[in-house]
Every structure is written in structure tokens, then in C-alpha cells.
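Remarks on the structure that follows.
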2 protein chains.
Amino acid sequence: MNERAAGAEWIDAGLRALREDGLEAVRVERLAKALGKTKGSFYWHFADRPALLTALAEAWRARATGAVIDEVEAGGGDAADKLRRLFAITLAADGRLERAMRDWAARDAGVAAIVAAVDARRHGYVADRLVEAGVAPATAQWRSRFLYLAIIGRFAAAPAPMSAEEARAMIAAIAPLLGGER
Amino acid sequence: MNERAAGAEWIDAGLRALREDGLEAVRVERLAKALGKTKGSFYWHFADRPALLTALAEAWRARATGAVIDEVEAGGGDAADKLRRLFAITLAADGRLERAMRDWAARDAGVAAIVAAVDARRHGYVADRLVEAGVAPATAQWRSRFLYLAIIGRFAAAPAPMSAEEARAMIAAIAPLLGGER
DNA sequence: CGGTCTCCATACGGTTGCGTATGGAGACAA
DNA sequence: TTGTCTCCATACGCAACCGTATGGAGACCG
């Protein structure tokens, strides 16, 4: 069996539980039941529950860091186009895992560091696009932080993700911040 | 003893635990220890743990609904002034309880309804100020939602609250959205 | 002074979840 | 066939909580 994928299914199940029911739902016996196995299997792959949690945080970092940015960049266009596409994607995305990660980060310094690193990367991307769109760097620094906060807010908000049309309407309403025309 | 304040100290302790360590930290024996009492006392005031949780959600609704809005209104000025003051207050506020409530709401329909009601009230306030500042109602509806999402995002973000100067810089950077030239 | 009402402590049973110990089944090699 | 390595099942002890039962101390009432 692949060493790299040793506990892969446990990590997948853990991320699923984390997304759907929060950190407190990430329990070894529950995951075992979901996988049709028992604790004996879990403790063969992981030393203990904290070891799984560390792996979960790391797995989130790996897939959360660049995925959306890559998708935005793949679409091409100028900086304002990219920002609009970034919001179209994030406003309509499922933010449950993001919310769970941030709630977790509030009570775990290690996870907080991971989330902070991911945030820095994504915030930097927005800031760079704003500068590219002609916004003064000093303004762009703070404006991008605000824009990114709104994305986090969308993830943290309980209501369901927005539809594509709703996202378009919201993006139009904040056009003065995105550079481009105007 | 005051009937209204029957279990008041338990609710205070519960809100404190909720703010600092999340819903999972709201345990009756832990609260009892924090209050220097025992479970026997708790179960005299509350039927069970869910009863306390319901009371906590209600207590949050009561104090979260209008507090900030009242403070903003008390300062006077025009609509744009009020919006700037709203952000100055919320960006620098401690959002831990707000974050805990939203994470809780994600897994409890009753709490979700309470949070949604509070959100509607606060979002409506922002929308009304935007219209008052001269923004077209259709635009104001979406723009206010975006602005409110950023506030939620600030609450959900792990890092510490912003300083007053940082808040000022951020508000200046999003001035184009707040109406009232300047 | 006896009665009662409020608030709380103590003790108990039951459940859940963690981590460990131990063994077994299958693959694969010697 | 025998040994070994991987992966998993079963069984156990332990700790944390929940909720209940019961009694006791103090106030206040008659």
C-alpha cells in the first residue's frame, strides 16, 4: 500500500466530519463507523486523535492554499476581471470547511498559524491584483484586507452559498472598489 | 431572590465559556467549578444542559441586537458618519462570541434562526444608511450585504481585533462604498 | 419552636469517547 | 510449510459528562 496514502481515507473522513459537523464531530469511533472499520484500524494508522487532527490541518493547508487562485488565474483577463472572478467563485462556494477551520484556529495556536499563512497568501493575491488595477499600494493594502474579510464573512455566515446571479449583483454593487472601469 | 435573575450567573458563566472556548466548553460541571458551586445548583436552576443553551442563545440575541446600533446612533452625524463609526467600532471589537454563535448556528436550526434575525436587523440598518447617503436602493441592498459580510469576516478572523488607527486606515480605503463624498 | 421554601452539596448510575492489549486473517517470501 | 508483515477486530480499563436522588443549611413564617 502506498505509504503516502496510508491514512488517506481517515483524513478524508475526518475532513468530511469537520466540514459537516465541526471539530467536535471528528471522533475516532465515528469515523471508523463511517468507514466500516473499527478503532483498531485507526490506531494502526495514527498514534492518537491529535495526530489525526494535525494531519487534517495539514491536508486543509495543502488544498486550500492555491486552489481558488489557480482557478482564477486560469481564466485570464486583466486584474479587475480576475478580482470579479475571484468573488464570483468564493461568494458561491461552500464555506463550511473554512468556517470550521477558523473556529478551530481560535482555540489552537498551531491551527491558527496555518490559517494565518493561508490568509496571508490569499490576501496578498488580492492586494497584488488591486495594485495591478491601478490602486495606490497603501490603499490597496487595506482595501484588499477588507475585501478578503468579506470573503471570510461569506464563509462564516450560516446561510447557504449565493447563486451565480446573486454573486454578480453583489460584485456590481462593489465595483468602485475593484478598479477596472471607473 | 429576583426571579428574572434566577440563573443569571450561570448564563454569564456560560457566555464567558462560549466566547473563550466555544460551545463544547459549555459544560455544567465546568461552569459549576468556575462559579464555586456544584451541579446540584445548576439542576435547580435549569432542567438540563439544553435549557441553558437555549437561555444563552436568547441572552445573546437580547444584547447583540441593538447595542452597537444604539452606540452608532448616539454619535449623531449624517449617514456616512454613522457608517464610518459603525466600522470603527466593529473592526476594533472582540468578535469571539460572534464567531462562536455562528459556528453554533451552523449546527443548530434554532440558533441559526436567532442569528439570522440579528443579521437581518443589522444588515437592514446598513442598507438604510446607504440609501440615506444617496446610494440607489437596489445597489444599497447588495452593497450593504457585502459590507456586513466584511464585519462578520472580521469577527471570524482569528487575529486580534484591529487598533483604532488600523480601522481608520481600512475605512479610508473603502470610502468609495460608503457614500458621502470624502 | 415547628414548618416550609430556597439554594446547594454529595453520591450514584449510565453513556460516550480515548487509548491499549491482544489476536487473527491474508499476502508474500523463504 | 513456516515465518513475517500489514491491516483490522475485539475486549478492556479509564476519564469526562450528564442527569437523578437525596439530604442539609439557612431564611422566613406562623
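Chain letters run A, B, ... following the sequence lines, proteins first, then strands; residues in each count from 1.
Tyr125(A) is not listed as a side-chain neighbour of Tyr148(A), based on a closest heavy-atom distance of 4.5 Å or more. At a threshold of 4.5 Å between non-hydrogen side-chain atoms, the residues Asp108(B) and Leu23(B) do not count as touching.
The distance between atom CZ of Phe42(A) and atom P of dT6(D), rounded to the nearest whole Å, is 19 Å. Atom pair Leu31(B):CG and dA16(D):P shows a separation of 16 Å (rounding to whole Å applied). Spacing between atom CD of Glu24(B) and atom C1' of dG17(C) amounts to 13 Å, rounded to whole angstrom units. The separation between Asp48(B) atom CG and dG14(C) atom C1' is 16 Å, rounded to whole Å. The CG atom of Leu52(B) sits 14 Å away from the C1' atom of dG19(D) (whole-angstrom rounding). Taking atom NZ on Lys39(A) and atom C1' on dC7(D), their separation rounds to 17 Å, with Å as the unit. Look at OH on Tyr43(A): it is 18 Å from P on dA11(D), rounded to the nearest Å.
Comparing atom distances between the Thr38(B) side chain and each of dT10(C), dG19(D), dA9(D) picks out dT10(C) as nearest. Closest to the side chain of Lys37(B), from the set dC8(C), dA9(D), dG19(C), is dC8(C). For Ser41(A), counting side-chain heavy atoms from C-beta on, the closest listed nucleotide (dA9(D), dC12(D), dA11(C)) is dA9(D). For Arg49(B), whose side chain is taken as the heavy atoms from C-beta onward, the closest listed nucleotide among dT10(D), dG19(C), dC18(D) is dC18(D).
With salt bridges taken as basic N to acidic carboxylate O contacts below 4.0 Å, none links Arg16(A) and Glu9(A).
Residue-to-nucleotide proximity on DNA chain D shows that, of Trp44(A) and Glu29(A), the 5′-proximal contact is made by Trp44(A). Nearer to the 5' terminus of DNA chain C, by closest-nucleotide assignment, is the contact made by Arg30(A) (compared with the other of Arg30(A) and Gly40(A)). When the nearest nucleotides of DNA chain C are assigned to Arg27(A) and Ala47(A) by heavy-atom distance, the more 5′-ward of the two goes with Arg27(A).
Side-chain N/O atoms of His45(B) include one lying less than 4.0 angstrom from OP1 or OP2 on dC8(C).
Distance check, rounded to the nearest 0.5 Å: CD1 of Ile171(A) to CG of Leu178(A) gives 7.5 Å.
Below 30°, between 30° and 60°, or above 60°: for Phe42(A) and Trp10(A) the angle between ring planes is above 60°, a perpendicular geometry.
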